[in-house]
Amino acid sequence: MSISSERIAALRDYVPEVRELTIDGKPVKPAGETWDVYNPATEEVIATVSGATKEQVDEAIRAARTAFDTWSKMSGEERSAAMHSLADRLEARWEELLASIVNEVGTPVSTAEFLQVKMGLGHLRWFADAAKKDRTVHLGPYDVPVPTMSDVDHYPVGVVAAITGYNYPLNLAGFKYGAALAAGCTVVLLPSPRTPLTTLLLGEIIRESDLPDGVINVVLGGADIGQYLSSHPGVDKVSFTGSDAVGAKIMEQAAANLNDVVLELGGKSANIVLPGCDVESFAVDMHMRWSRNSGQGCAALARLLVHEDLFDRFMKAGAEAFPKMKVGDPWDPETHIGPLIRPDHRDRVNGFITEALEQGGKALLQVETPLPEKGWYVNPILLGNLPHSARAVQQEIFGPVAVVLTYKDVDEAIRLANDTAYGLAANVWAPTLEEGRRVAEQLRAGTVWINGGGAMRPDAPFGGSGRSGIGRELGEWGIQEFLEPRHIQWAL
Ligand code: NAD
């Protein structure tokens, strides 16, 4: 799977068809409110979509409940085969999915191909295999007050409301339904109203797959529909990816039914450069990573903590890295930074920059290529000379903006790294793996990469603590979120 320049030329004009909702395995015409969807690179309206009504959400939940009765009783092998059939169908239509993502999110094609389509498919296949696993734990004998034996098996929680943010529509959805389906649950999926087209297409592909009707339902809507879905008495668990502000609301809404939540929220992840590092060897990689998807990534490692002795070398290496961050047309395979999702978000990001500069911050590195005439672009920038308490240092910016601070000793670096309301991810650049691990083990973050690490893997947990959320996605940890343990004890 790799996109050629001929295919890019063919796909860049792809006009997404507006698909209907997917409820109980059938296309359903949405009857709720209507809004426009934009291409953030061209500022053009690429589709006008309608959301579900509350009655249609009720229907989707009813369908998921009915499907749960059969899906949860199917063997792991049967569920696995149906999930693989979805992966096959997604693979067959990967170019359409890619085109949809590039056009509605503005993610550069190279990033979208890897981080959305390939990764999303790989993760779904992993979940499909994991559906077959026997999770029963045999506890053995216990003789108080009488001899007994115990097993712990699991039962699926039921109907899952899966609500996603805009930045990675395909794989954020896949993290949720992959784990939920592997556990034996069924799903009502609600994508971001700003990027609904990929998920509507996913719904159509779900209908073509061997998944039984109603196992995954796709609805559409804004905050009111999200609120209705997450507080619905027919839902058993809410899995949400988005901002911490909305995450707090979700928790309150789910509490109406005493429902549990998985919350995958934002971050302000530290990127520590330890003394003794060969900064020239990783400067490009480091700057390319935090700015990926124009910085619209929850785990963007955009809080750079550099030992004071390395600072000058670090800046010199960065000055060579920055010009490589090509800003512009997301369909150009060389582009690294595409547009931001909407003009209000672009203004918010620019507001962080202006405020930091007004408060004595300095633009240490900048790309100053003229921005395309159309599109909600921001040039990447590295800010410095800011106190650790500054808003740009503490808050998630979600744009191509990083901040750099210096520290005197490793204890101070660890203290600064942990001095944030978030706890999602971190990276440690270290001269040796041992030194990197020593620091990693003291960081309050759900994922710690050492010397760049790799991508998120399907068998490892992803998520965080503090304002980064509750619970984990991916791996056995992600599946366990959708299972309840059941202790079965018998007298001997
Ligand atoms: P957002 O919180 O604005 O919206 C997310 C979703 O919530 C949307 O579908 C929206 O319609 C819905 N929503 C809004 N109000 C609601 C309510 N009251 N009840 C129910 N649903 C409601 O987030 P966004 O701007 O789309 O996404 C960006 C955020 O997502 C960033 O903070 C980013 O860090 C975070 N994120 C986290 C992860 C992770 O895995 N930790 C991954 C990607 C993005």
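Just so you know, ligand 1 is whichever comes first in the structure, and atom 1 is the first atom listed for that ligand.
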Donor-acceptor pairs under 3.5 Å, side chain of residues 454-463 to any protein atom, not counting sequence neighbours: which ones?
from, atom 1, to, atom 2, distance (Å)
Arg457, NE, Asp459, OD1, 2.7
Arg457, NH2, Asp459, OD1, 3.3
Arg457, NH2, Asp459, OD2, 2.7

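Of the possible polar contacts, one joining the Arg303 side chain to the Lys268 backbone as a donor-acceptor pair under 3.5 Å is found.
Ring-centre distance between His232 and Tyr228: below the 6.0 Å cut-off.
Taking a 6.0 Å sphere around CE of Met288, one finds it holds more than 12 heavy atoms contributed by other residues, nucleotides or ligands.
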Apply the test salt bridge (Lys or Arg N to Asp or Glu O under 4.0 Å) to residues Arg89 and Glu208: give CA-CA distance (whole Å), side-chain angles for both, the deciding distance (0.1 Å), then the verdict.
CA-CA 7 Å; Arg89 295 302 310 145; Glu208 290 169 357; 2.9 Å; yes

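Residues with a heavy atom under 4.0 Å from ligand 1: Ile163, Thr164, Gly165, Tyr166, Asn167, Leu172, Pro191, Ser192, Pro193, Arg194, Ala223, Gly226, Gln227, Phe240, Thr241, Gly242, Ser243, Val246, Lys249, Ile250, Gln253, Glu264, Leu265, Gly266, Cys298, Glu396, Phe398, Leu424, Phe462.
Side chains of Leu97 and Leu170 form a contact here, defined as non-hydrogen atoms less than 4.5 Å apart.
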